[in-house]
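These notes concern the structure reproduced below.
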Amino acid sequence: MKPHLIILGAPGSGKGTQAARLVEKGFTHISTGDLLRREIAKGSELGQKVSGIMTRGDLVDDNTVMALLKANCDVDKVSYIFDGFPRNIAQAEMLQAELLSESKTLAVYFKIDLGILINRVVNRRTCGNCGEIYNLTTKPPRVAEVCDKCGAHGALKQRKDDTEEVISNRLKIFADSVDPMLAFYKSKSALVEIDASMPENVVFSALEKVIC
Ligand SMILES: [Zn+2]
């Protein structure tokens, strides 16, 4: 059986794309958001509790998320990708102790220079008409300001929060929460670092080598 993977990476590191490709290799992607919605739809006791918390506009606490994971994961039979949870060291320790203590687990860190990330994000443009995503430096449209996919003119927009100030701030918050997690998995010899500045296919090949 393949190990469980804890996916760690800054916003814009490409970890979402890589996680999606791993699903094709037999991993099951765990989204705590989806689990929450499904549990509510089931109308279980836990679902009703979660529904109450969310209706009040509160965040679902870590113990409830853990209960949800325990109720829905068969860690002895299925290799999971945890993406977006754990978000901090407290959640990482909890996940390890309460769900993965007997399982082979690898934390995969998509490491990328913050300058590259900021560049990626501030140069990102999205077609307001069809949603196609461009990057002015790495993937510009063939004709400036015209969408390759749908042909819309002047529709390439920058998202409001894709500014240097916003992304720098998000990256700082990310670094503060990820550093203790990296130390935690490293101390368990369960940390793998992948150079996420490489092209998508190269990153994926590197990933396949360490996990398969
Ligand atoms: Zn378009």
Side-chain angles (χ1 to χ4, degrees), residues 1-35 62 65-66 69 73 75 78-124 133 135 138 162 164 166-212:
M1 191 178 142
K2 294 190 178 84
H4 301 293
L5 303 179
I6 315 281
I7 301 282
L8 303 171
S13 63
K15 70 185 170 98
T17 310
Q18 301 293 338
R21 292 185 67 170
L22 286 170
V23 170
E24 293 166 17
K25 296 279 165 187
F27 286 88
T28 296
H29 187 261
I30 281 281
S31 149
T32 51
D34 288 347
L35 283 183
D62 291 350
V65 174
M66 274 315 306
L69 288 170
C73 294
V75 295
V78 180
S79 296
Y80 291 103
I81 299 175
F82 294 88
D83 178 14
F85 186 96
R87 266 186 209 288
N88 55 49
I89 182 67
Q91 291 179 348
E93 286 172 345
M94 199 180 239
L95 184 67
Q96 182 64 31
E98 297 189 24
L99 192 67
L100 302 176
S101 58
E102 306 293 321
S103 307
K104 184 162 189 247
T105 303
L106 277 182
V108 181
Y109 179 45
F110 290 86
K111 193 176 184 181
I112 188 164
D113 179 73
L114 296 190
I116 294 176
L117 265 187
I118 291 172
N119 223 13
R120 271 190 192 178
V121 174
V122 299
N123 285 299
R124 182 160 61 193
I133 296 170
N135 185 290
T138 58
D162 280 354
E164 183 158 350
V166 172
I167 187 71
S168 298
N169 196 35
R170 281 172 70 197
L171 290 177
K172 191 186 171 311
I173 293 168
F174 168 77
D176 287 348
S177 63
V178 84
D179 286 348
M181 287 198 279
L182 297 178
F184 173 71
Y185 289 113
K186 193 170 181 182
S187 75
K188 300 195 165 307
S189 303
L191 178 66
V192 172
E193 291 190 355
I194 300 277
D195 178 0
S197 66
M198 307 295 276
E200 193 185 310
N201 281 328
V202 180
V203 173
F204 192 69
S205 300
L207 194 54
E208 276 190 296
K209 253 181 228 148
V210 293
I211 55 152
C212 298

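Since this is a predicted model, take the numbers as computed values, not measurements.
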To the nearest 0.5 angstrom, please state how far the [atom1] atom of [X] sits from the [atom2] atom of [Y].
X	Y	atom1	atom2	value
N88	I173	CG	CD1	13.0 Å
L8	L191	CG	CG	8.0 Å
S79	L22	OG	CG	10.5 Å
I167	L114	CD1	CG	9.5 Å
I89	M94	CD1	CE	12.5 Å
I194	F204	CD1	CZ	10.5 Å

Minimal non-hydrogen separation, [X] against [Y], with atom names:
X	Y	result
F174	A10	CZ-N, 3.2 Å
V203	M198	CG2-O, 3.3 Å
S177	P180	O-CD, 3.5 Å
S13	A196	O-CB, 3.6 Å
L95	P86	CD2-CD, 3.7 Å
G9	K15	O-CE, 3.1 Å

Given side chains that start at C-beta, do those of [X] and [Y] come closer than 4.5 Å, heavy atoms only?
X	Y	value
I118	S168	yes
N201	R21	yes
L100	I6	yes
Q18	E200	yes
F110	L207	yes
S197	D113	no
P11	L171	yes
R120	I112	yes

Review point. Do other residues, nucleotides or ligands put more than 12 heavy atoms under 6.0 Å from the CE atom of M1?
Key: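 Count over threshold, so yes.
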Check your understanding: Are there more than 12 heavy atoms of other residues, nucleotides or ligands under 6.0 Å from atom CD of E98?
Key ->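 For E98, atom CD is crowded (more than 12 foreign heavy atoms under 6.0 Å).
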**Study point:** side chain to side chain donor-acceptor pair (under 3.5 Å) partners for S103, two or more places apart
**Key:**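 In terms of side chain to side chain donor-acceptor pair (under 3.5 Å), with neighbours along the sequence ignored, S103 is linked to no residue.
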Exercise for review: Take F85 and I30 through the test side chain to side chain contact (heavy atoms under 4.5 Å, CB included) and record every step on the way to the result.
Suggested key: CA-CA 9 Å; F85 186 96; I30 281 281; over 6 Å; no
Exercise for review: With side chain to side chain contact (heavy atoms under 4.5 Å, CB included) as the test, would you mind laying out the steps for V108 and V210 before giving the verdict?
Suggested key: CA-CA 9 Å; V108 181; V210 293; 5.5 Å; no
Check your understanding: Any idea how H4 and F82 line up, ring-wise: parallel (<30°), tilted (30 to 60°), or perpendicular (>60°)?
Key ->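 Answer is perpendicular, since the angle exceeds 60°.
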Review point. Do the side chain of K2 and the main chain of K25 share a donor and acceptor less than 3.5 angstrom apart?
Key: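 Side chain of K2 to backbone of K25, a donor-acceptor pair under 3.5 Å: yes, one is there.
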